[in-house]
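Notes follow the structure.
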Amino acid sequence: MTKQPEEGTIWEWRAFGRVDDDLAAKVRDHPPRLGIIDLRGEDVYLISPTSDQNVKLRRYSSGWVLKFKLLFETRPGAFALYNESAEFTYQFPVPLATLQDAARLLEVNLPDLELSPNLTDVEFVGALARSSPAVKDTKVTKRRSQYQFGGGWLELADVEFTSRSVQSISIHSPDLEVVRGILDRLKPGDQLEAMNYIEACRRWG
């Protein structure tokens with residue numbers, strides 16, 4: 001099983017570090033969401049030095065797929081509004097126009113080379129690596145579980161970056177006040193640091 005894209009604009013708060021047993025128990029006391037329990041996956045994040053847009057490759061049983069998770073807005077306290085959709089998920093090979101879209105999101109200039117009109121995953125990542133500034137690809141493996149929580153949902157994850165293995169907790173809802181309310185109820189504690197996956201990749205990738 002591979003997690004399918006969410007649909008629509010969704011507020012998110014995420015933190016990395018250590019999820020203590022009491023916090024994990026509070027989360028797991030809620031019903032699982034969409035059958036997502038201990039779902040293992042592998043992503044390759046494409047990290048720009050200047051943009052926090054979430055552009056990644058995700059491994060499916062049929063091979064790698066390109067995903068754009070569009071960052072629309074951030075608020076103090078590490079709250080972020082994303083738009084995610086199957087419309088922004090692409091099978092390889094992808095047309096050159098999709099690479100150009102990725103470069104705009106990542107705020108980089110593509111290399112001054114003749115590029116294929118349809119790019120494989122290797123060609124796509126290679127072109128961005130030769131861009132200016134260069135985009136770094138960072139492999140991240142995850143084991144995730146999601147739980148329904150009022151007007152939103154929670155995710156617990158074990159995450160492996162290049163230089164560190166950590167845990168993550170995140171809160172999601174179309175309504176920012178729902179995310180704030182759940183966060184206030186959970187009180188995650190100081191063993192977790194709020195950041196998104198792009199920031200975490202820059203630190204530990």
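What you see below is based on every heavy atom in this structure, not just the backbone, and it leaves out hydrogens, waters and symmetry mates.
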One pair to check against side chain to side chain donor-acceptor pair (under 3.5 Å): Glu42 and Thr141. What are the steps and the verdict? CA-CA 4 Å; Glu42 182 179 347; Thr141 58; over 6 Å; no
Can you tell if the side chain of Thr74 reaches within under 4.5 Å of the side chain of Phe79, non-hydrogen atoms only? no
From the options Asp121, Val65, Leu119, select the one residue that forms a side-chain contact (heavy atoms from CB on, under 4.5 Å) with Phe92. Asp121
If we ignore hydrogens and angles and just use 3.5 Å, is the side chain of Glu123 paired with the main-chain N or O of Ala127 as donor and acceptor? no
OG1 of Thr50 to CD of Glu107, rounded to nearest 0.5 Å, is 4.0 Å
I'd like to know if Glu84 pairs up with Arg58 as an ion pair, taking the criterion as any Lys NZ or Arg NE/NH1/NH2 lying under 4.0 Å from an Asp or Glu carboxylate oxygen. no
Under 3.5 Å donor-acceptor, Ser116 side chain and Asn118 backbone: yes
Side chains of Cys201 and Phe161, heavy atoms from C-beta outward: is any pair under 4.5 Å? yes
Distance col, row Asn54:CG vs Asn83:CG, nearest 0.5 angstrom, shows 12.0 Å
Ion pair present between Asp29 and Lys26, side-chain N to carboxylate O less than 4.0 angstrom? no
Okay, side chain of Trp13, backbone of Ile169: is any donor-acceptor separation there less than 3.5 Å? no
Please confirm whether the ring centroid of Tyr45 lies under 6.0 Å from the ring centroid of Tyr197. yes
Are any of the side-chain heavy atoms of Leu66 and Val55 separated by less than 4.5 Å? yes
Report yes if some heavy atom in the side chain of His30 is under 4.5 Å from a heavy atom in the side chain of Trp153; otherwise report no. no
Verify, without hydrogens or angle tests, whether Ser173 (side chain) and Gly151 (backbone) share a donor-acceptor contact under 3.5 angstrom. yes
Residues Ser85 and Glu7: side-chain donor-acceptor under 3.5 angstrom: yes
Which donor-acceptor pairs under 3.5 Å do the side chains of residues 175-192 make with protein atoms, sequence neighbours left out?
from   : atom 1 : to     : atom 2 : distance (Å)
Asp175 : OD1    : Glu177 : N      : 2.9
Glu177 : OE2    : Arg180 : NE     : 3.4
Lys187 : NZ     : Asp184 : O      : 2.6
Gln191 : OE1    : Arg18  : NE     : 2.9
Gln191 : OE1    : Arg18  : NH2    : 3.0

Are Glu155 and Arg14 close enough for a salt bridge, meaning some N to O gap below 4.0 Å? yes
Could you grab the distance from atom CG of Leu115 to atom CZ of Arg130, nearest 0.5 Å is fine? 7.0 Å
Electrostatic pair Arg202:Asp52 at N-O distance under 4.0 angstrom: yes
Between Asp43 and Lys56, is the closest basic N to carboxylate O distance under 4.0 Å? no
Hey, quick one: are Leu156 and Phe16 part of the same hydrophobic cluster, counting side-chain heavy atoms closer than 4.5 Å, chains of contacts allowed? no
To the nearest 0.5 Å, tell me how far Asp101 CG sits from Tyr90 OH. 6.0 Å
Between Glu193 and Arg203, is there a side-chain N and carboxylate O pair less than 4.0 Å apart? yes
Within this structure, what is the CG-CD distance for the pair Leu71 and Glu12, rounded to the nearest 0.5 Å? 9.5 Å
Rounded to the nearest 0.5 Å, what's the gap from CD on Glu6 to CG on Leu34? Could you check? 7.0 Å
For the side chain of Thr120 and the backbone of Pro93, is there at least one donor-acceptor N/O pair under 3.5 Å apart? no
Is there a side-chain contact between Ser168 and Val159 (heavy atoms, below 4.5 Å)? yes
